[in-house]
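Side chains are part of it too, since the values below use all heavy atoms of this structure and drop only hydrogens, waters and symmetry mates.
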Amino acid sequence: MLGTAEAAETPLRRARLESLGCRIRSLGDQRIAEVYLAHSDSAMVLVLRRQWDGGDDGAAPARRRIATSTLAALATGNLVTESAVRSASRTVRPATGRISKTTVSPSRGDCAWTLLWT
């Protein structure tokens with residue numbers, strides 16, 4: 001339940017999100033990847049979630065494309081976007097249009113990142 005002062009979705013303009021790592025869950029034949037991202041401007045941790053069908057195991061999920069990059073690059077780098085949407089449930093959705101630009105760059109390595117299977 002949302003409070004009366006909290007919007008269901010909030011646009012993020014020119015946001016820099018630093019990856020904290022990725023968790024991949026398996027539910028039968030379905031895979032769910034959750035990339036945890038720190039937004040330093042709001043002191044908040046957000047999650048970018050994607051799911052797909054198929055028995056991808058081993059290194060195959062790391063090659064999946066998400067937000068103009070691979071899951072492996074996104075899980076260990078920085079996401080810089082001109083337009084994204086943050087929901088009240090702390091999920092983030094980068095814009096995919098041609099007008100708004102989203103890039104993923106390597107991290108400086110200030111933190112330890114992990115790719116975790118559960």
Side-chain angles (χ1 to χ4, degrees):
M1 179 179 221
L2 296 175
T4 57
E6 180 134 17
E9 291 187 336
T10 303
L12 297 174
R13 303 282 182 236
R14 295 186 183 138
R16 181 181 175 273
L17 306 172
E18 188 168 354
S19 179
L20 301 173
C22 176
R23 167 181 252 164
I24 299 175
R25 293 184 291 141
S26 178
L27 294 172
D29 202 29
Q30 192 174 51
R31 302 295 182 260
I32 302 166
E34 295 174 326
V35 179
Y36 298 95
L37 302 160
H39 186 232
S40 60
D41 291 346
S42 64
M44 176 182 306
V45 174
L46 304 170
V47 64
L48 189 152
R49 186 175 293 120
R50 291 290 187 271
Q51 64 185 40
W52 63 90
D53 293 327
D56 290 351
D57 289 325
R63 293 187 297 269
R64 287 239 173 217
R65 303 292 297 179
I66 296 176
T68 72
S69 185
T70 63
L71 180 58
L74 184 59
T76 60
N78 295 314
L79 175 76
V80 178
T81 182
E82 291 181 1
S83 181
V85 177
R86 175 190 65 87
S87 73
S89 64
R90 308 266 198 247
T91 59
V92 66
R93 187 180 69 243
T96 57
R98 290 182 181 184
I99 296 172
S100 59
K101 186 176 177 183
T102 299
T103 60
V104 176
S105 61
S107 176
R108 295 181 309 214
D110 294 340
C111 300
W113 296 270
T114 58
L115 184 64
L116 177 66
W117 275 90
T118 58

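Here V80 sits alone; no ILVMFWY side chain lies under 4.5 Å from its own, so it joins no hydrophobic cluster. With a 4.5 Å cut-off between side-chain heavy atoms of Ile, Leu, Val, Met, Phe, Trp and Tyr, the cluster of I32 takes in L27.
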Hey, mind stepping through E82 and R13 against salt bridge (Lys or Arg N to Asp or Glu O under 4.0 Å) and telling me if it holds?
-> CA-CA 5 Å; E82 291 181 1; R13 303 282 182 236; over 6 Å; no
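Note that CG of L48 is 9.0 Å distant from CG of L17, once rounded to the nearest 0.5 Å. Within the model, atoms CZ of R86 and CE of M44 stand 4.5 Å from one another, a figure rounded to the nearest 0.5 Å. Separating the CG atom in L79 from the NE2 atom in H39 is a distance of 10.0 Å, to the nearest 0.5 Å.
Partners of T91 by side chain to side chain contact (heavy atoms under 4.5 Å, CB included), not counting sequence neighbours, listed by chain and number: V47, R49, S87, S89. Remark: V85 engages E9, R93 in a side chain to side chain contact (heavy atoms under 4.5 Å, CB included) (not counting sequence neighbours).
Judged purely by atom type and a 3.5 angstrom limit, S69 has no side-chain atom pairing as donor or acceptor with the backbone of R65. Listed for the T81 side chain is no donor-acceptor partner under 3.5 Å among the backbone atoms of P94.
Of the candidates R23, R50, R25, R25 is the only one forming a salt bridge (charged side-chain N to carboxylate O under 4.0 Å, His left out) with E34.
Contact annotation: the side chain of L12 approaches that of L46 to within less than 4.5 Å [non-hydrogen atoms, C-beta and beyond]. Between Q30 and W52, every side-chain heavy-atom pair lies at or beyond the 4.5 Å cut-off. Looking only at side-chain heavy atoms (C-beta outward), L20 and L37 stay at 4.5 Å or farther from each other. Between S19 and N78, every side-chain heavy-atom pair lies at or beyond the 4.5 Å cut-off.
Side-chain atoms of T70 and R63 form no donor-acceptor pair, as typed in the model, at a separation below 3.5 Å.
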